[in-house]
Amino acid sequence: MPTAPPPSPTAPDAAGTTQLPALPDLPVRPRTTQRLVLRPWRDLDAEEFARLNADPEVMAYFPAPLDRAASDELLGRARGHVDEHGWGLWALEERSTGAFVGFTGLVRPRFEAAFTPCVEIGWRLARSAWGRGYATEAALAALDVGFRELGLRQVVSFTASVNLPSRAVMQRIGMMHDLADDFDHPLIDPASELCHHVLYRIDRADDHSGGPDDQVVPVGAGPVD
């Protein structure tokens with residue numbers, strides 16, 4: 001594993017806006033866990049990715065499922081970033097079968113909020129991969145890249161407050177929630193129950209083995225874990 005560069009403080013630009021420090025480019029290569037591969041995207045992923053994004057259950061905590069054009073556009077952005085920088089939102093593959101099961105990884109949010117600029121960890125898994133601990137396993141691998149290879153000081157994650165399954169994953173990987181960080185997502189209809197979001201954070205020095213959060217209703221394995 002490459003040694004992480006020393007963390008750099010954020011600094012204001014000429015307009016006075018705080019910016020993330022420049023992050024290094026990494027070798028474009030797969031990362032493996034016990035059961036999964038986080039890898040660059042392939043042309044053959046487009047069909048399965050479109051099917052995942054069109055599934056109403058997978059997209060239950062998003063404003064709407066994606067049509068094929070929107071799915072391909074998202075894949076193109078994710079693929080381009082990973083191919084150029086060696087990190088980002090990786091395609092997620094099951095090692096035992098080679099099956100495409102979704103994505104996980106690191107991304108800079110594309111909207112402004114009190115906590116931006118930042119690097120977010122996110123995931124989206126096909127229903128066939130739910131309930132197996134894959135989201136947690138893949139997210140821990142992505143965090144390792146963020147802290148050890150990119151030298152990040154902090155990683156965040158956010159979701160609609162009603163999305164208890166994803167919040168449970170955030171807890172399992174050691175992220176912590178503060179009610180003071182809750183926010184209304186600027187790109188979601190304010191009248192929607194999905195507008196109100198919770199923000200979780202984890203610092204480089206934190207315990208990444210998971211921890212309690214008494215603000216979350218306890219859930220079991222859930223549809224995503």
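Positions are given from 1 along the sequence.
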Looking only at heavy atoms, which two atoms of [X] and [Y] are closest? And how far apart?
X: Cys118; Y: Pro109; answer: O-CD, 3.4 Å
X: Ser71; Y: Ala50; answer: OG-CA, 3.3 Å
X: Trp123; Y: Ser166; answer: NE1-OG, 3.4 Å
X: Val28; Y: Pro40; answer: CG1-CG, 3.7 Å
X: Tyr61; Y: Leu194; answer: C-CD1, 3.8 Å
X: Leu89; Y: Ala78; answer: O-CB, 4.0 Å

So do the side chains of [X] and [Y] get within less than 4.5 Å of each other, counting heavy atoms only?
X: Arg31; Y: Val145; answer: yes
X: Phe183; Y: His197; answer: yes
X: Glu94; Y: Arg132; answer: yes

Which value, rounded to the nearest 0.5 Å, describes the distance between [X] atom [atom1] and [Y] atom [atom2]?
X: Thr104; Y: Leu36; atom1: OG1; atom2: CG; result: 9.5 Å
X: Leu143; Y: Ile173; atom1: CG; atom2: CD1; result: 4.5 Å
X: Met175; Y: Ser157; atom1: CE; atom2: OG; result: 5.0 Å
X: His196; Y: Glu193; atom1: NE2; atom2: CD; result: 12.0 Å
X: Glu73; Y: Asn53; atom1: CD; atom2: CG; result: 11.0 Å
X: Phe158; Y: Thr116; atom1: CZ; atom2: OG1; result: 9.0 Å

Flag yes if [X] and [Y] sit in one hydrophobic cluster, no otherwise; membership is Ile, Leu, Val, Met, Phe, Trp, Tyr, and two members link when side-chain heavy atoms are under 4.5 Å apart.
X: Tyr200; Y: Leu152; value: yes
X: Val155; Y: Leu26; value: yes
X: Met170; Y: Ile202; value: yes
X: Met59; Y: Leu92; value: yes
X: Val107; Y: Phe49; value: yes

Contacts of type side chain to side chain donor-acceptor pair (under 3.5 Å), residue Thr33, not counting sequence neighbours |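 By the side chain to side chain donor-acceptor pair (under 3.5 Å) rule, Thr33 matches Glu137.
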Return the set of residues passing side chain to side chain donor-acceptor pair (under 3.5 Å) with Arg79 (not counting sequence neighbours), or none when no residue passes.
-> Asp43
For the pair Phe100 and Trp41, name the ring-plane relationship: parallel under 30°, tilted 30 to 60°, perpendicular over 60°.
-> tilted
Angle class for the Phe115/Phe111 ring planes (parallel below 30°, perpendicular above 60°, tilted otherwise)?
-> perpendicular
Is there a side-chain hydrogen bond (donor to acceptor under 3.5 Å, both in side chains) between Asp182 and His177 once you walk through the steps?
-> CA-CA 9 Å; Asp182 289 4; His177 171 232; 2.7 Å; yes
Note: [X]-[Y] ion pair, threshold 4.0 Å (strictly below):
X: Glu120; Y: Arg110; result: no
X: Arg42; Y: Glu93; result: yes
X: Asp72; Y: Arg68; result: yes

Between [X] and [Y] (side chain of the first, backbone of the second, donor and acceptor by atom type, cut-off under 3.5 Å), is there such a pair?
X: His185; Y: Leu187; answer: yes
X: Trp130; Y: Leu125; answer: yes
X: Arg95; Y: Thr32; answer: no

Stepwise, does the side chain to side chain contact (heavy atoms under 4.5 Å, CB included) test hold for Leu106 with Leu150?
-> CA-CA 11 Å; Leu106 305 165; Leu150 294 177; 4.0 Å; yes
Stepwise salt bridge (charged side-chain N to carboxylate O under 4.0 Å, His left out) check, Asp203 with Arg153 | CA-CA 6 Å; Asp203 293 335; Arg153 286 179 168 172; over 6 Å; no
From CA spacing to verdict: side chain to side chain contact (heavy atoms under 4.5 Å, CB included), Trp90, Val82 = CA-CA 7 Å; Trp90 291 279; Val82 171; 4.0 Å; yes
CA sep, side-chain torsions, deciding dist, call: Val198, Asp181, side chain to side chain contact (heavy atoms under 4.5 Å, CB included) = CA-CA 7 Å; Val198 290; Asp181 287 331; over 6 Å; no
Does Arg124 count as lying over the ring of Phe62, i.e. NZ or CZ under 6.0 Å from the six-ring centre, within 45 degrees of the axis?
-> yes
Give a yes-or-no answer on whether the side chains of Arg35 and Tyr134 include a donor-acceptor pair shorter than 3.5 Å.
->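 There is no such pair between these side chains.
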Give the C-alpha distance, both sets of side-chain angles, the deciding distance and a yes or no for side chain to side chain contact (heavy atoms under 4.5 Å, CB included) between Val156 and Gln154.
-> CA-CA 7 Å; Val156 308; Gln154 184 179 85; 4.0 Å; yes
Would you check, one step at a time, whether the test salt bridge (charged side-chain N to carboxylate O under 4.0 Å, His left out) holds for Arg29 with Glu149?
-> CA-CA 13 Å; Arg29 62 176 180 84; Glu149 298 188 50; 3.8 Å; yes
